[in-house]
Amino acid sequence: MPELPEVETSRRGIEPHLCNQKITAIIVRNRQLRWPISVRLQKEATASTINAVRRRAKYLLIDTSQGCIIIHLGMSGSLRMIDNKVPAEKHDHVDIVLSSGQALRLRDPRRFGAVFWTKNDPLKHLRLKDLGKEPLEDALTAEWLYGQSRNRKRAIKSFIMDSKIVVGVGNIYACESLFLAGIHPNKPAGKLSMQRWEKLTHAIKDVLSKAIKQGGTTLKDFTRSDGQPGYFARQLTVYGREGKPCKKCGETLKKITQGQRSTFYCSQCQK
DNA sequence: CGAGCAACCTGCATGC
DNA sequence: TGCATGCAGGTTGCTC
């Protein structure tokens, strides 16, 4: 159930185990993910060498000497490093087996995730080419968001979750960011003042980077077969806390539905 | 442009 | 114990 911090935490966890390794085999037990896994993946990536593990939005990019493996974890995907003798369990769909004797194993019960293979620039891939700004990069500024939001009537929550604008702000962190910035989730994006955009931009960067930092400390060993690599305890202020008191003012937190997703907020703190 | 909805799929909590 | 229901951290793509 990964949002951007989980994906970045996964990236950091697997990177040292993957870099400079040769891929000796790719085992696909079930190709039917969000999009079917191409047979070319096994044919063309086997025997290649891994050069780097990058991230763009919630996509992991495994650069190899022959092309790039693009992985999205969807709602329920997780990655871990395993000893390649460890038997696969029910939802373990893909193993990327390495010369070290380890393998990168993808588990995804709901199969909303995806694995793509491309020989071209992965950033030009159909699923990546129209993605918006990275929230943690300096290029994402309040000024830019303010400009993008002018004359837009969409609810602010749906606006910041739009991956054509800014990537990586999932349902949890959208709720948390809006609370931190004191902005009502239904506020039309185009009506936010520059000052409030500054607060919100800061809140988004703050919430995401703190979650990554926390993931980094909680996630010590990505190679163990127990535990749940990629997941870590979150300290949430509003998400999932409807009916409970606001940690700031004590008001009972509310839950509404926006675009088929649950939104949690405090009607006192967020206007 | 944007709201609303269905779709992809499985697991889990809840209530009867 | 079984069964039905509703919900879940993502994303695409359609209609109106």
Side-chain angles (χ1 to χ4, degrees), chain A residues 1-11 29-37 55-60 70-79 88-94 106-116 125-132 135 147-179 185-191 204 207-208 210-212 214-215 218-219 228-243 255-265:
Chain A
M1 313 145 206
E3 290 207 24
L4 185 139
E6 287 83 342
V7 178
E8 177 59 22
T9 298
S10 297
R11 191 195 67 75
R29 299 183 190 83
N30 189 348
R31 328 202 147 264
Q32 301 308 310
L33 303 188
R34 179 76 161 85
W35 288 276
I37 299 173
R55 178 187 61 74
R56 171 73 172 110
K58 293 173 188 165
Y59 292 92
L60 284 169
I70 304 172
I71 299 177
H72 195 290
L73 298 175
M75 289 273 256
S76 58
S78 62
L79 291 168
E89 292 179 38
K90 195 173 179 188
H91 300 294
D92 294 340
H93 306 311
V94 179
L106 170 68
R107 174 175 296 183
D108 186 1
R110 290 178 75 180
R111 289 190 278 127
F112 285 1
V115 179
F116 303 118
H125 189 276
L126 179 64
R127 299 292 155 207
L128 281 74
K129 66 184 178 62
D130 295 320
L131 291 172
Q148 291 294 307
S149 65
R150 290 311 88 185
N151 301 321
R152 302 289 293 268
K153 289 166 189 159
R154 296 176 74 177
I156 184 65
K157 187 200 177 209
S158 137
F159 186 81
I160 60 171
M161 286 182 73
D162 184 345
S163 62
K164 290 195 199 69
I165 307 284
V166 53
V167 300
V169 184
N171 203 31
I172 292 177
Y173 295 112
C175 293
E176 296 292 317
S177 300
L178 287 167
F179 174 78
N186 261 332
K187 176 101 182 161
K191 287 200 168 174
I204 290 170
V207 161
L208 291 177
K210 276 190 180 143
I212 291 172
Q214 224 192 328
T218 309
L219 180 64
Q228 283 293 304
Y231 297 81
F232 49 90
R234 292 194 189 83
Q235 32 179 346
L236 301 174
T237 53
V238 287
Y239 186 87
R241 297 192 63 245
E242 84 271 23
K255 172 177 165 178
I256 56 173
T257 299
Q258 292 179 288
Q260 303 162 271
R261 310 294 297 275
S262 294
T263 299
F264 304 86
Y265 72 103

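Naming convention: chains lettered A, B, ... in sequence-line order (proteins, then strands); numbering from 1 in each chain.
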Distance, rounded to the nearest Å, where A:Leu33 contributes CG and B:dA7 contributes C1': 16 Å
Are A:Ser76 and C:dA8 close enough that a side-chain N or O sits under 4.0 Å from OP1 or OP2? no
Does A:Arg110 make a side-chain donor-acceptor contact with the base of B:dC9, cut-off 3.5 Å? yes
How long is the line joining NZ of A:Lys153 and C1' of B:dA3, in whole Å? 13 Å
With a cut-off of less than 4.0 Å, is there a side-chain N or O of A:Lys58 near OP1 or OP2 of C:dT11? yes
Looking only at atom types and distance, does a side-chain atom of A:Arg111 sit under 3.5 Å from a main-chain N or O of A:Gln32, one as donor and one as acceptor? yes
Gap between atoms CE and P, on A:Met161 and C:dT11 respectively (whole Å): 8 Å
Please give the distance between the C1' atoms of B:dC8 and C:dC3 as a whole number of Å. 24 Å
Aromatic-base stack, A:Phe112 on B:dC8, cutoff 5.5 Å, angle under 30: yes
Spacing of the P atoms in C:dT1 and B:dT10 (rounded, Å): 24 Å
Report which part of the nucleic acid A:Lys90 touches: base, sugar-phosphate, or nothing (heavy-atom distance under 4.0 Å, all strands). sugar-phosphate
Could you work out which one of B:dT10, C:dA8, B:dA3 sits closest to the side chain of A:Arg111? B:dT10
Given B:dA3, C:dG10, B:dG11, identify the nucleotide with an atom nearest to the side chain of A:Pro109. B:dG11
A:Arg127 vs C:dG13: side-chain N/O to OP1/OP2 distance below 4.0 Å: yes
Return the value, rounded to whole Å, for the distance between atom CZ of A:Arg261 and atom P of C:dG6. 19 Å
Correct closest heavy-atom pair for A:Glu176 and A:Val238 would be OE2-N, 3.0 Å
Between C:dT12 (P) and A:Lys129 (NZ): distance, integer Å: 11 Å
Can you tell which of C:dC7, B:dC5, C:dT12 lies closest to the side chain of A:Gln260? B:dC5
Nearest-neighbour nucleotide for the A:Tyr239 side chain, C:dA8, B:dA3, C:dT12 considered: C:dA8
Integer-rounded Å distance: C:dC7 P and A:Ile256 CD1: 15 Å
Nucleotide B:dC8, atom C1' - distance to CZ of A:Arg31 in whole Å: 18 Å
Polar side-chain atom of A:Arg55 near backbone of A:Ala57 as donor-acceptor pair, under 3.5 Å: yes
What's the closest nucleotide to the A:Asn171 side chain, out of C:dC7, C:dG10, C:dT12? C:dG10
Paired with C:dA4: which nucleotide, if any, by Watson-Crick or G-U wobble criteria at under 3.5 Å for both distances? B:dT14
As a test of reading the structure: which of B:dA3, C:dG10, C:dT12 is closest to the side chain of A:Ser158, going by heavy atoms? B:dA3
Would you tell me if any nitrogen or oxygen in the side chain of A:His91 comes within less than 4.0 Å of OP1 or OP2 on B:dT10? no
Heavy atoms under 4.0 Å, any strand shown: does A:Arg152 hit a base, just sugar-phosphate, or nothing? sugar-phosphate
Counting N and O atoms only, with roles assigned by atom type, does the side chain of A:Glu3 sit under 3.5 Å from a partner on the main chain of A:Gly170, one being a donor and the other an acceptor? yes
Could you work out which one of B:dG11, C:dG10, B:dC9 sits closest to the side chain of A:Arg34? C:dG10
A:His72 NE2 - B:dC9 P separation (whole Å): 17 Å
Treating A:Asp130 as the side-chain partner and A:Lys164 as the backbone partner, does any N or O pair qualify as donor plus acceptor under 3.5 Å? no
What are the two closest non-hydrogen atoms of A:Ala155 and A:Gln258, and how far apart are they? CB-NE2, 3.6 Å
